[in-house]
Amino acid sequence: MEGVVEEIYVTDKGSAPMRRVTEVETVPGCGIRGDRYCEGTGYWTAYGDVCEITLISGEDLDHIQDELGIGVKNGEHRRNLVTRGVRLEELRGRRFRVGEAVLEYDRPRPPCRHVQDLSEPGMTRALKGRGGICARVVEAGRIRAGDRIELLG
């Protein structure tokens, strides 16, 4: 498996628009420095449903946009890392290096109604089965757009 980080998105508050950045700093037990869930300001924080880092497949986003006509190319998917060339479900139970950071698969991240409320009708349905995954930060480090994703051990 040889994948890459295609794009990176963050926001400092729940429900605020995601913004595209070229690099982020990760923090073990927290996520991405400055992102909503590491800052404790995410929409789902109050409900205890926190993902340190979220990943979504660029190939799935291509399908959603091209086949379903739903706009997901500017962070509307509400995920941090857009990947290319890696099947995210194959990371289950694994640790993997992304740039300087080491992450560990946490769980699938199914879409929620809140994503649709912030974007457009049909988004929740479009992301069903394509919502990406949550990962935990095991070792801190920078992640940059274009960094490789490598399985460990």
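Computed over heavy atoms, backbone and side chain alike; hydrogens, waters and symmetry mates excluded.
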Would a 4.5 Å heavy-atom cut-off, applied to side chains only, mark C51 and R136 as touching?
no
With the side chain counted from C-beta on, respond yes when M18 and N80 share a heavy-atom pair under 4.5 Å apart, and no when they do not.
yes
Do L81 and T54 touch side chain to side chain, with heavy atoms closer than 4.5 Å?
no
Euclidean distance, R33 CZ relative to E25 CD, rounded to 0.5 Å
5.5 Å
Tell me which one of T83, I143, V4 satisfies side chain to side chain contact (heavy atoms under 4.5 Å, CB included) with I149.
T83
Side chain proximity check, T22 to I8, heavy atoms < 4.5 angstrom:
no
With rounding to the nearest 0.5 angstrom, report the CZ to CG distance, R109 to L55.
12.0 Å
Just wondering, do V82 and Y9 contact through their side chains at under 4.5 Å, heavy atoms?
yes
Indicate yes or no for a side-chain donor-acceptor contact from E59 to the backbone of G85 under 3.5 Å, with no hydrogens or angles considered.
yes
I32 versus V27: any side-chain heavy-atom pair under 4.5 Å?
no
L91 and Y105, any side-chain heavy atoms less than 4.5 Å apart:
yes
Check the pair I53 / T26 against side-chain contact (heavy atoms from CB on, under 4.5 Å), numbers first and verdict last.
CA-CA 9 Å; I53 297 181; T26 62; 3.8 Å; yes
Would you say R142 and R144 make side-chain contact, with heavy atoms under 4.5 Å?
yes
Mind listing the closest non-hydrogen atom pair of G99 and D147 along with its distance?
CA-OD2, 3.1 Å
Co-members of the apolar cluster containing L152 [side chain, <4.5 Å]
V102, V138
Salt bridge between D62 and R84, side-chain N to carboxylate O under 4.0 Å?
yes
I need the R19 CZ to T11 OG1 distance, nearest 0.5 Å.
6.5 Å
Listed by chain and number, what are the side chain to side chain donor-acceptor pair (under 3.5 Å) partners of R20, not counting sequence neighbours?
E7
Do you know which two heavy atoms are closest between E90 and R94, and how far apart they sit?
O-CG, 3.9 Å
Mind checking salt bridge (charged side-chain N to carboxylate O under 4.0 Å, His left out) for R95 and listing every partner two or more places apart, or none if nothing turns up?
E104
Measure the spacing between CG of L61 and CZ of R79 and express it to the nearest 0.5 Å.
9.5 Å
Least distance between heavy atoms, C38 atom then G31 atom
SG-N, 4.0 Å
Exercise: identify the closest heavy-atom pair between E6 and G58
OE1-CA, 4.3 Å
